[in-house]
Amino acid sequence: MIEKKLFFDVKEDREVIKKAYERMLREKEEGITGYYDLPVNQEDVIEEINDYIHNNEYLSKNLIKDLVIIGIGGSSLGTRAIDTLLKFSHNRNIVNIHFLENLDPLYLINSIKEIDLQKAFIVIISKSGTTIETISIAKYIFWLLKDPLKGLDIEKKIAIITDKESPLDRLAKEKRWKVFYIPKNVGGRFSVLSPVGLFPLAVLGYDIKELLAGANIIREEFLNQGMDMLLFKKAYYYFKHAKEKNINILFSYSSMFEAFNKWYIQLWGESLGKKNERGERVGLTPIGLIGSIDQHSFLQLIVEGPKDKTVTFLKLKNFELPVTVPHLSLPYLETTDFVNGRRFQTIINTQCDATMESVIKADVPVDLIEINELNERSTGYLIYYFELLTSALGAMLGIDTYNQPGVEMSKMLLRQKLSK
Ligand code: PA5
């Protein structure tokens, strides 16, 4: 389903890897973070989600035209990533999905204009239940829905996803809105396989059981192969060279990975940039590129710029669309005829191979993740793979992978400035 290959040598220190693996097992067993077991402990959640959709007249009878997700960061990036990966190979139940996340008024108001509020289902997602972007946008939508026509039957067209007893949970209970809970020990950026992603994806018609089954394949590898997984070698290399090769590029060869790259950037950046146990600043900088587009921009910097980067190539083997470049020879452009009759899929994947070869030749550490085809199963696997890799690196770096103290200060200053 998914093959992985490293194109660099790793002289691993088994002790470091063993310690990291043991820490991860402890995190899992002691419930320090709950994402490890999401693939296997959510039967009730899946039943609750399916029952709700089945019993909701608007969702079960396909009376909804727009699905509106209000949430930011870990509360929206994962859902957007999965939907963007899978939407072309599925007939969605609901045609339009809207992610309202930024307070940029021009973008927000124009996005809302595209929503038919009368036929919209609204999902408000916030673990803390107080994130200022999410709550401000929700307030604006509630204000619009005060129009009795638009707000018709709102309690059947809204769901909340949050922590138990958060302020948003209390509001929802008072209003008798449906609430799905995020497990307390599952943090935002690790939460896409919890109701945060499962509910909206199920509403759209994706097979969420398959998504979890895919994640469980690599969870089993983690539990059975343990520290012999290739993932630990890669994590060790990143850890060992964290100072001189501190930029980790994910070069994904399909535009469908645009949102996935953003999800990776959040996961990596917010988890791995912080102070370690000794108070030293550590951090790895994630960059997401799309092939072949970024061959025409960033590639030069990788090949001839400073040797401070690693590159992971993400390649989709089968796009399941046999479209070809027509046999059309254009005057003056005969030198491009070598692509005539070739599938677009073959060309983009050969571009990936060629670029990878050139980057390896430039002595840049490269690894490859090759996905046979995109479906819920392979997507679940991929999500969990990057989560595990992040945890492994966090353990080696000696940091708390799951907190984000560095983002609190700006929130406090915002409150101070706007309360004046
Ligand atoms: O990963 C994280 O914890 C953050 O990126 C959060 O997901 C983001 O800040 C949104 O927070 P909340 O879900 O509490 O609204």
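Each ligand, and each atom within it, is numbered from 1 in the order the structure gives. These numbers were taken from a predicted model, which means no experiment stands behind them.
- Here Lys156 pairs with Glu57 in a salt bridge; the nearest charged N to carboxylate O distance falls below 4.0 Å.
- Here the side chains of Ile124 and Ile122 are in contact, with some heavy-atom distance below 4.5 Å.
- Leu212 and Leu38 make their closest contact through CD2-O, 4.0 Å (heavy atoms, listed as atom of the first residue, atom of the second, distance).
- The closest heavy-atom contact to atom 13 (O) of ligand 1, among the options Ser75, Gly129, Gly74, comes from Ser75.
- The heavy atom nearest to atom 15 (O) of ligand 1, considering only Asn403, Ile182, Thr131, is found in Thr131.
- For atom 10 (C) of ligand 1, the nearest non-hydrogen atom of the protein is Ile72 O, 3.3 Å.
- Atoms of ligand 1 lying under 4.0 Å from at least one heavy atom of Gly188, given by number and element, are 1 (O), 2 (C), 3 (O), 7 (O).
- Donor-acceptor pairing under 3.5 Å is lacking for the side chains of Tyr238 and Asn246.
- Ring to ring, Tyr52 and Trp177 are not that close: their centroids are 6.0 angstrom or more apart.
- A distance below 6.0 Å separates the ring centres of Tyr21 and Phe222.
- Nearest protein heavy-atom contact of atom 9 (O) of ligand 1 is Lys411 NZ, 4.6 Å.
- Checked against Phe260 for a side chain to side chain contact (heavy atoms under 4.5 Å, CB included), the options Leu250, Thr84, Thr379 give a single hit: Leu250.
- Taking every heavy atom of Arg189 and a limit of under 4.0 angstrom, the matching atoms of ligand 1 come to 1 (O), 2 (C), 3 (O).
- Below 4.0 Å from some heavy atom of Gln404 lie the following atoms of ligand 1, by number and element: 3 (O).
- Considering both main-chain and side-chain atoms, Gln266 comes within under 3.5 Å of ligand 1 through a nitrogen or oxygen pair.
- Taking every non-hydrogen atom of Glu270 and a distance limit under 4.0 Å, the qualifying atoms of ligand 1 come out as 1 (O), 2 (C), 4 (C), 5 (O).
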